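Accompanying notes for the structure given below.
This structure is a prediction, so every number in the text was calculated from the model and none was measured. Reminder, nothing fancy here: chain letters follow the sequence lines and each chain counts from 1.
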Number of protein chains: 2
Amino acid sequence: MAALASGLLGSLDPTSDRAVFRQIADHLREAIDKGRFAEGAKLPSESELVEHFSVSRMTVRNALSILQSEGLVSSEHGKGVFVRPRPPVRRLASDRFARRHREQGKSAFIVEADAAGSRPEVDNLEVKEERPSTDVSARLGAPRRVLARRRRYLLDGRPVEFATSYLPLDIARDTPIAQPNPGPGGIYARLEELGHTLDHFEEEIRARMPSPLEIKTLQLATGVPVIHLIRTAFDTKGRAVEVCDTVMAADAYILNYHLPAK
Amino acid sequence: MAALASGLLGSLDPTSDRAVFRQIADHLREAIDKGRFAEGAKLPSESELVEHFSVSRMTVRNALSILQSEGLVSSEHGKGVFVRPRPPVRRLASDRFARRHREQGKSAFIVEADAAGSRPEVDNLEVKEERPSTDVSARLGAPRRVLARRRRYLLDGRPVEFATSYLPLDIARDTPIAQPNPGPGGIYARLEELGHTLDHFEEEIRARMPSPLEIKTLQLATGVPVIHLIRTAFDTKGRAVEVCDTVMAADAYILNYHLPAK
DNA sequence: GAGTGGTCTAGACCACAAC
DNA sequence: TTGTGGTCTAGACCACTCG
């Protein structure tokens with residue numbers, strides 16, 4: 001309907017080998033990168049792009065789907081296609097499980113969110129005994145059953161992280177760890193009270209595209225990967241006392257690590 | 001042509017609200033997850049799927065594009081659509097820059113690849129002086145110009161990582177660090193010889209979808225995110241002496257970190 | 001040459017959002 | 001009611017791979 005401000009977008013190169021829908025994607029991407037469409041701004045509608053480039057609607061949709069898969073734009077049914085705003089990221093410090101933080105009685109998530117001025121929430125709480133996966137079992141020294149604690153974290157109403165902690169039953173059964181709310185300082189504080197003084201953690205980090213379930217749970221936009229972090233906690237006797245499997249929306253996090261040069 | 005073994009794929013649910021192309025994607029995903037199509041196996045051709053599900057070709061292609069964006073399959077022009085084999089992953093230990101490794105004279109990449117039985121290569125070498133980006137500049141204490149060392153790493157012929165090191169010119173100019181081959185132990189060994197004894201590193205990790213240039217440089221399949229790692233090296237005087245900006249194919253790496261509980 | 005995926009057209013009908 | 005994106009059809013021609 002509205003005339004497209006042609007100045008914002010170039011025109012196609014008919015001599016180019018590059019497919020038309022890729023050229024259109026390139027033009028849009030460049031316009032976004034150069035700030036000609038700001039964060040949150042609406043792109044020209046599909047029908048405007050059809051007219052501007054003189055192509056069929058499928059070609060335009062193909063171009064837009066590229067930008068979606070790159071995480072640059074997201075579409076809203078009945079409204080339009082918008083430049084994805086970059087959500088604020090949460091930095092995870094490598095000392096986030098240091099004892100001095102735990103002793104303050106709040107969980108790391110709550111403390112950091114408060115400090116950043118965000119509203120933290122935890123939901124989807126589930127605590128149950130179950131048979132461990134082979135991977136979790138191997139990490140924990142092959143217990144037959146484990147206590148699983150699942151929860152989802154949200155910031156200002158947006159889900160950012162989904163985590164499950166697994167603990168051997170001989171450690172966790174009939175302790176505050178098996179309660180929905182384990183008390184101040186979280187399960188690490190309880191583990192230390194139970195005599196499992198923590199010695200160190202091992203973290204394992206992957207990045208990949210989310211499964212359909214993860215997309216749903218974290219309400220992920222198209223083109224947003226997840227960071228998959230598996231942390232194992234060891235006590236001073238060298239025993240693995242907890243495995244925490246965490247899936248994070250990658251656009252919500254920066255992970256920080258401190259490495260001594262030794 | 002060949003009859004499709006219908007047993008491998010269910011049929012559509014006409015009463016479902018779920019879009020047809022999503023249902024087809026679900027069926028294929030389930031078949032892959034359950035191993036009915038092994039890694040590297042060829043999926044039924046588009047025309048076979050068209051016939052099996054009695055839909056148009058665009059609908060089938062829409063379904064396949066979902067699986068591609070999830071990184072589950074990749075298409076090969078003229079051959080077919082194949083289940084993506086999981087490439088072997090390289091684990092990066094958090095002590096990979098420990099001095100004891102450096103003193104053995106080989107770079108971390110070469111040592112690890114040899115140990116894993118892979119054939120390592122380094123190409124795209126470029127060493128030049130340039131003006132730093134604002135981000136790099138801020139990390140290095142605002143030098144006017146820096147030495148940039150760019151290189152790409154390959155394993156068994158496959159590009160897996162693209163890295164740029166930035167060093168302040170007052171440290172690196174007219175030293176072996178400015179040479180294409182800085183010598184045994186790499187630039188960290190040279191830095192220490194120049195009096196910049198390394199104290200610690202800070203690493204910053206993000207995950208995101210790759211830019212078109214990154215897709216090209218790392219020859220990334222559709223649906224493979226990248227891990228973006230920025231490491232800053234500090235000497236014992238507390239000065240930032242190097243920033244290394246690394247982009248890794250996420251399906252080729254697992255990052256390991258060791259965290260003391262303190 | 002036969003089969004495959006890659007690109008593109010020109011329509012159609014639907015569901016959702018905003019006025 | 002109008003405009004938006006979401007889904008789907010039924011074709012077409014092309015480029016690539018393999019025998």
Side-chain angles (χ1 to χ4, degrees), chain A residues 1-4 12-28 37 40-69 72-84 212 215 221-223, chain B residues 1-4 12-28 37 40-69 72-84 212 215 221-223:
Chain A
M1 190 265 264
L4 178 59
L12 298 181
D13 174 5
T15 71
S16 169
D17 282 349
R18 197 157 172 79
V20 173
F21 75 94
R22 291 189 202 283
Q23 289 188 52
I24 295 176
D26 292 343
H27 281 122
L28 289 167
F37 296 109
K42 183 179 172 301
L43 293 191
S45 74
E46 294 181 357
S47 53
E48 285 172 314
L49 292 170
V50 161
E51 195 183 355
H52 178 78
F53 291 111
S54 300
V55 295
S56 77
R57 184 164 170 231
M58 273 311 300
T59 303
V60 162
R61 282 182 63 77
N62 250 331
L64 291 172
S65 81
I66 290 183
L67 300 182
Q68 271 203 42
S69 72
L72 277 181
V73 306
S74 60
S75 61
E76 296 180 37
H77 196 167
K79 297 171 75 176
V81 178
F82 298 86
V83 179
R84 274 258 311 279
I215 289 175
T222 313
Chain B
M1 189 266 270
L4 179 59
L12 299 180
D13 174 4
T15 71
S16 169
D17 282 348
R18 197 159 173 78
V20 173
F21 76 93
R22 291 188 203 281
Q23 290 189 52
I24 295 176
D26 292 344
H27 281 123
L28 289 167
F37 296 109
K42 182 179 172 301
L43 293 190
S45 73
E46 294 181 356
S47 51
E48 285 173 314
L49 292 169
V50 161
E51 194 183 356
H52 178 79
F53 290 111
S54 300
V55 295
S56 78
R57 186 166 166 229
M58 273 311 300
T59 304
V60 162
R61 282 182 62 79
N62 250 330
L64 290 172
S65 82
I66 291 184
L67 301 183
Q68 270 203 41
S69 72
L72 276 180
V73 305
S74 60
S75 60
E76 298 181 34
H77 197 167
K79 296 169 77 175
V81 177
F82 299 85
V83 179
R84 276 258 311 280
I215 290 177
T222 312

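- Each of A:Asn62 and B:Lys42 lies near DNA chain C, and the nucleotide nearest B:Lys42 is the one positioned closer to the 5' end.
- With values rounded to the nearest 0.5 angstrom, A:His27 atom NE2 is found 8.5 Å from A:Asp13 atom CG.
- Between B:Arg22 and D:dT7 there is a side-chain polar atom (N or O) within less than 4.0 angstrom of OP1 or OP2.
- Side-chain N/O atoms of B:Ser75 include one lying less than 4.0 angstrom from OP1 or OP2 on C:dG6.
- The distance from atom CZ of B:Arg61 to atom P of C:dT4 is 14 Å, rounded to the nearest whole Å.
- At least one side-chain nitrogen or oxygen of A:Ser47 sits closer than 4.0 Å to the OP1 or OP2 atom of D:dT4.
- Distance B:His77 NE2 to C:dG5 C1': 5 Å, rounded to the nearest Å.
- B:Thr59 has a side-chain polar atom (N or O) that falls below the 4.0 Å cut-off from OP1 or OP2 of D:dT9.
- B:Leu49 has its CG atom 12 Å from the C1' atom of C:dT4, to the nearest Å.
- Between the CG atom of A:Leu43 and the P atom of D:dT4 there is a distance of 13 Å, rounded to whole Å.
- In this structure, B:Ser56 does not reach the D:dA10 phosphate: none of its side-chain N or O atoms is under 4.0 Å from OP1 or OP2.
- Rounded to whole Å, atom C1' of C:dC8 lies 11 Å from atom CD1 of A:Ile24.
- Distance B:Asp17 CG to D:dC8 C1': 16 Å, rounded to the nearest Å.
- Residue B:Glu76 contributes atom CD, which lies 15 Å from atom C1' of D:dA15 at whole-angstrom precision.
- Residue A:Met58 is the one, among A:Met58 and A:Gly78, whose nearest nucleotide of DNA chain C lies closer to the 5' end (criterion: closest heavy atom).
- Side chain of A:Gln23 to main chain of A:Arg18: a donor-acceptor pair is present (N/O by atom type, distance under 3.5 Å, no hydrogens or angles).
- Summarising the geometry, atom CG belonging to A:Leu64 is positioned 6.0 Å from atom CG belonging to A:Leu49; distances are rounded to the nearest 0.5 Å.
- The side chain of A:Lys79 contributes no N or O atom lying less than 4.0 Å from OP1 or OP2 of D:dG3.
- The base of C:dT7 lies close enough to the side chain of B:Arg57 for a donor and an acceptor atom to sit less than 3.5 Å apart.
- Annotation: side chain of B:Pro44 is in contact with side chain of B:Phe37 (closest heavy-atom distance under 4.5 Å).
- Whole-Å rounding puts the A:Phe82 CZ to D:dG5 C1' distance at 11 Å.
- Rounding to the nearest 0.5 Å gives a distance of 10.0 Å between OG1 of A:Thr59 and CG of A:Leu12.
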